[in-house]
K.L.:
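Here you go, one structure.
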Amino acid sequence: MFTLTLSDGKTMPFESPLPLGDVAGKISRDLGKKALAATVDGVATDLSTVIDRDAAVTFITADTPEGLDLIRHSGAHVLAEAIQQVFPGTKFAYGPAVEDGFYYDVDSPTVITADDLPKIEKAMQKIIKANRPFVRNELTRDEAKAKYANDEYKLDNIERADGDVISFYEQGDFADLCRGPHVPSTGKVGAVKVMSLAGAYWHGDANQKQLTRVYATAFPTQDELKAHLTKLEEAKRRDHRVIGKQMDLFSTQPEVGPGLILWHPNGSIIRHEVEAFWKEEHLKRGYQILYTPHIASEEIYKRSGHLENYGDMMYSPMDIDGSPYRVKPMNCPGHILIYNQNVHSYRELPFRWCELGTVYRYEPSGTLHGILRVRGFTQDDSHIFCTPDQVEAEINGVLDLMEHMMKTFGYQYKAFLATRPAKAIGTDEQWDMATNALRSVLERRNMPFEVDEGGGVFYGPKIDIKLVDALGREWQGPTTQLDFNLPERFNVEYVGKDNERHKVVMLHRTVLGSMERFIGGLVEHFAGDFPLWLAPQQARILTVTDAAIPYGREVLAKLQAHGIRADLDDRGDKIGAKIRESEMAKVPVVMVIGEKEHASGEVAVRRRLLGDLGSRKVDEVVSDMVAEIRERRLPPRPAQ
């Protein structure tokens with residue numbers, strides 16, 4: 001006899017061993033139908049696993065993140081079988097579940113093209129409909145090598161697998177190497193869609209063979225799949241590269257090089273407004289702004305450890321007067337050298353220093369993506385030098401700043417406390433002090449957070465903020481890190497009350513991250529319909545007749561005198577065409593003027609996404625716009 005402890009804390013006794021699937025059915029008929037797998041004492045396993053001992057058991061269902069991941073993991077096996085059916089002789093390298101779906105890297109004797117994706121998807125649907133069970137089999141390492149002696153990809157995976165037992169999963173005549181677990185049968189994979197193709201090097205190594213990566217996704221129901229595909233279409237509409245071209249915000253050009261951004265006037269205005277807001281809020285909170293050089297002697301990066309730990313992402317050295325120099329990958333060392341110019345008393349601390357510093361890091365060409373992933377970017381860095389008893393107050397101040405700025409940009413967010421990784425420097429006492437300080441601040445603020453076990457950097461724990469955009473996607477956002485490394489390397493100290501020297505506590509902190517990535521995210525978050533204060537062009541005046549042009553110029557002068565970015569469209573085109581062009585350009589406020597408006601001293605106002613707002617006095621419109629810009633309000637939206 002043995003007893004199982006369920007997820008709700010209840011216990012169930014059993015007389016004899018039985019499969020976990022049967023356990024689920026005994027708990028309830030509904031759970032018996034819905035269960036996909038289970039965890040036994042925290043270890044995920046198949047429902048076919050026979051349980052015969054006391055254990056804590058939790059069942060995994062499709063309506064959980066773990067269940068969706070399991071469906072997609074099993075979906076990768078269905079995808080592989082479908083590809084094998086459509087393209088016999090294909091070999092399979094690697095097929096993981098990833099965010100929003102799964103993929104398989106394959107080596108096919110036939111070139112797979114986009115035209116083949118519907119055939120693969122149809123084959124997947126047939127396999128799912130057949131509802132064949134996933135059956136786990138195990139072989140010794142030698143037996144597994146013998147079975148796959150002619151498959152270099154499987155042999156490689158066998159070599160990399162842990163332990164002496166190699167597991168496989170069969171679904172009918174198809175088998176694949178896998179640790180598992182899987183859903184009970186192919187029918188549980190649900191609704192699928194084969195999405196796209198890409199090239200991928202084996203093991204991500206450009207010196208290895210290039211494989212074909214087939215992307216797909218799966219959801220428990222057709223309705224969920226349909227909602228996901230609709231969301232993807234909306235994401236395409238919001239793609240910052242597409243909108244960036246439409247609104248003439250930025251470009252990359254071969255003469256400059258990939259991953260190096262040219263900011264056009266419209267994009268530069270957005271960036272200027274974001275940076276001005278950033279500076280204003282920092283100065284209010286006692287920060288001081290620094291500037292450091294774009295290149296520096298290699299020696300500083302040896303001392304900081306960047307050359308040792310991040311050398312593969314740094315650009316090659318330049319010979320200057322016989323000494324190697326590097327374009328800077330980080331702003332931290334320069335700030336530390338400024339601090340170390342003088343001896344500082346505890347009475348002077350904290351120092352809150354910040355910089356919009358441009359840094360350069362090599363990113364492989366395949367990872368570059370518009371302005372979201374680039375090789376040269378401006379980081380909103382800050383370094384706070386403080387005493388141990390000031391740490392919590394400083395972290396609290398950072399979170400105040402973060403909350404204010406993210407609310408202004410219309411972002412919701414999630415907080416994560418990232419703790420000590422396996423490889424780390426610093427004492428247990430340092431890590432405990434730092435982690436507890438971060439945790440204490442989050443708890444006192446009643447800020448919900450998740451613990452990211454082992455997610456800290458090697459030199460200290462951190463608070464990570466994930467921004468949630470208009471589509472519910474998560475973006476890496478503000479970060480606050482404690483650093484035990486650089487104060488030791490650079491001997492960063494202060495003189496305490498005891499007249500002795502002590503190491504400072506150093507906080508690394510970003511609110512926006514990189515200016516490029518943040519603005520790219522804003523483009524997609526707002527779909528180009530920026531708040532009035534951020535819009536490259538805030539207003540456009542449209543004349544109905546040539547007789548209205550002089551009045552149009554008066555209105556333009558009044559707008560510009562109040563700092564409103566506006567222009568005058570006095571072309572002889574039809575007013576309907578002018579309005580459509582303004583809509584396409586995403587101009588927030590359009591003012592239409594003709595003889596009637598001239599006579600009354602008014603303008604007919606159209607607001608982007610709201611439509612016609614009627615005629616109003618010019619001074620009233622200007623006053624409202626100035627207030628909206630000054631207060632940095634979010635854009636108005638149509639009533640739902």
Side-chain angles (χ1 to χ4, degrees), residues 99-101 114 117 193 195-199 213 215 217 226-274 363 365-378 409-411 467-477 512-538 540 565 577-588 590 608-609 634-635 637-638:
E99 186 178 4
D100 288 339
L117 300 187
K193 178 71 176 176
M195 303 295 296
S196 61
L197 296 171
R213 178 167 292 179
Y215 285 98
T217 193
K226 183 179 179 180
H228 174 72
L229 296 177
T230 300
K231 181 178 174 181
L232 290 182
E233 285 302 312
E234 177 62 13
K236 286 182 183 178
R237 186 182 75 83
R238 291 170 177 259
D239 190 318
H240 75 283
R241 295 166 298 178
V242 175
I243 294 174
K245 188 172 183 179
Q246 290 172 347
M247 298 183 69
D248 195 23
L249 303 181
F250 64 88
S251 65
T252 55
Q253 299 185 25
E255 293 86 348
V256 177
L260 301 170
I261 305 303
L262 296 171
W263 289 90
H264 297 199
N266 285 347
S268 295
I269 279 291
I270 298 172
R271 176 169 171 167
H272 165 77
E273 292 290 355
V274 172
E363 296 281 356
S365 58
T367 66
L368 299 176
H369 183 71
I371 59 175
L372 299 181
R373 192 78 179 264
V374 294
R375 289 174 172 168
F377 55 92
T378 299
F409 289 114
Y411 278 119
L467 304 180
V468 182
D469 73 3
L471 290 182
R473 300 173 300 181
E474 294 182 6
W475 300 71
Q476 180 58 54
L512 306 181
S514 88
M515 199 60 60
E516 286 74 9
R517 180 174 176 80
F518 187 78
I519 291 175
L522 281 182
V523 172
E524 299 196 4
H525 181 49
F526 291 116
D529 288 308
F530 294 105
L532 190 59
W533 68 279
L534 279 177
Q537 186 178 356
Q538 295 165 325
R540 178 173 291 174
R565 297 185 289 273
K578 290 183 179 183
I579 290 172
R580 283 192 298 275
E581 284 186 23
S582 299
E583 284 288 312
M584 291 294 293
K586 299 181 184 290
V587 179
V590 172
R608 171 80 179 159
L609 302 180
L634 290 169
R637 298 297 183 194

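We use all heavy atoms of the structure for the numbers below, so side chains are in, but hydrogens, waters and symmetry mates are not. These numbers come from a predicted model, not from an experiment.
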K.L.:
Suppose we screen for side chain to side chain contact (heavy atoms under 4.5 Å, CB included). Which residues come up paired with H525, at least two apart in sequence or across chains?
P.N.:
Y411, D469, A470
K.L.:
Which atom names give the shortest non-hydrogen contact between P588 and L532, and what distance separates them?
P.N.:
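What the structure gives for the nearest pair is CB-CD1, 3.7 Å.
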K.L.:
Any side-chain heavy-atom pair from F250 and V523 closer than 4.5 angstrom?
P.N.:
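No. Closest side-chain heavy atoms not under 4.5 Å.
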K.L.:
What is the minimum heavy-atom distance between T217 and D100, and which atoms define it?
P.N.:
OG1-O, 2.7 Å
K.L.:
For a 4.5 angstrom cut-off between non-hydrogen side-chain atoms, does P536 reach E273?
P.N.:
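No. Closest side-chain heavy atoms not under 4.5 Å.
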K.L.:
Restricting to non-hydrogen atoms, name the atom on F530 and the atom on P635 that form the minimum distance, rounded to 0.1 Å.
P.N.:
O-CB, 4.2 Å
K.L.:
So, do I270 and W263 sit near enough that their side-chain heavy atoms are less than 4.5 Å apart?
P.N.:
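No, too far: nothing below the 4.5 Å cut-off.
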K.L.:
May I ask you to say whether E581 pairs ionically with R540, meaning some side-chain N is under 4.0 Å from a carboxylate O?
P.N.:
no
K.L.:
Pair V468, R473 - check side chain to side chain contact (heavy atoms under 4.5 Å, CB included), show working.
P.N.:
CA-CA 5 Å; V468 182; R473 300 173 300 181; over 6 Å; no
K.L.:
So, does E516 use its side chain to make a donor-acceptor pair with the main chain of T378 at under 3.5 Å?
P.N.:
yes
K.L.:
Does this structure show an ion pair linking E234 with K231, if we count only N-O contacts that are shorter than 4.0 Å?
P.N.:
no
K.L.:
Determine whether Q476 and S514 satisfy the following criterion, side chain to side chain contact (heavy atoms under 4.5 Å, CB included), listing intermediate values before the conclusion.
P.N.:
CA-CA 10 Å; Q476 180 58 54; S514 88; over 6 Å; no
K.L.:
So, R608 side chain and K586 main chain: donor-acceptor pair closer than 3.5 Å or not?
P.N.:
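Answer holds: no.
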K.L.:
Ignoring hydrogens and angles, tell me if any N or O in the side chain of N266 forms a donor-acceptor pair with the backbone of M247 under 3.5 Å.
P.N.:
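Judged by distance alone, yes, a pair lies under 3.5 Å.
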K.L.:
Who passes side chain to side chain contact (heavy atoms under 4.5 Å, CB included) against H369, sequence neighbours left out?
P.N.:
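Partners of H369 under the side chain to side chain contact (heavy atoms under 4.5 Å, CB included) test: H240, R241, L372, R373.
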K.L.:
Working to the nearest 0.5 angstrom, can you tell me the gap between L471 CG and T230 OG1?
P.N.:
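Atom-to-atom, L471:CG and T230:OG1 are 11.5 Å apart.
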K.L.:
How long is the gap from CD1 on I261 to CG on L249, to the nearest 0.5 Å?
P.N.:
11.5 Å
K.L.:
State which residues pass side-chain hydrogen bond (donor to acceptor under 3.5 Å, both in side chains) with Q253; sequence neighbours excluded, sorted by chain then number.
P.N.:
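Residues passing side-chain hydrogen bond (donor to acceptor under 3.5 Å, both in side chains) with Q253: S251.
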K.L.:
With a 4.5 Å cut-off on side-chain heavy atoms, are V590 and S582 touching?
P.N.:
yes
K.L.:
Is a side-chain N or O of R517 found less than 3.5 angstrom from the main chain of G477, in a donor-acceptor match?
P.N.:
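Answer holds: no.
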K.L.:
How close do H264 and D248 get, counting heavy atoms only, and between which atoms?
P.N.:
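In terms of heavy atoms, the two residues are closest at ND1-OD1, 2.6 Å.
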K.L.:
Does any part of the side chain of L262, heavy atoms only, come nearer than 4.5 Å to the side chain of T252, both counted from C-beta?
P.N.:
no
K.L.:
With rounding to the nearest 0.5 Å, note down the distance linking CG in L522 to CE in M515.
P.N.:
10.0 Å
K.L.:
Please report the closest heavy-atom contact between E363 and V374, naming both atoms and the distance.
P.N.:
CG-O, 3.4 Å
K.L.:
Can you confirm whether R237 is buried at CZ, in the sense that more than 12 heavy atoms of other residues, nucleotides or ligands lie under 6.0 Å from that atom?
P.N.:
yes
K.L.:
Can you tell whether the side chains of E233 and K236 come within less than 4.0 Å, N to carboxylate O?
P.N.:
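Looking at E233 and K236, the cut-off is met.
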K.L.:
Give the intermediate values and the outcome of side chain to side chain contact (heavy atoms under 4.5 Å, CB included) for residues F526 and L634.
P.N.:
CA-CA 10 Å; F526 291 116; L634 290 169; 4.0 Å; yes
K.L.:
Would you indicate whether the side-chain heavy atoms of K193 and H228 approach each other to under 4.5 Å?
P.N.:
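Result no, sub-4.5 Å side-chain heavy-atom pair not found.
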K.L.:
Does I519 offer a backbone N or O that forms a donor-acceptor pair with the side chain of R271 under 3.5 Å?
P.N.:
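Flag not set: sc R271 to bb I519 has no pair under 3.5 Å.
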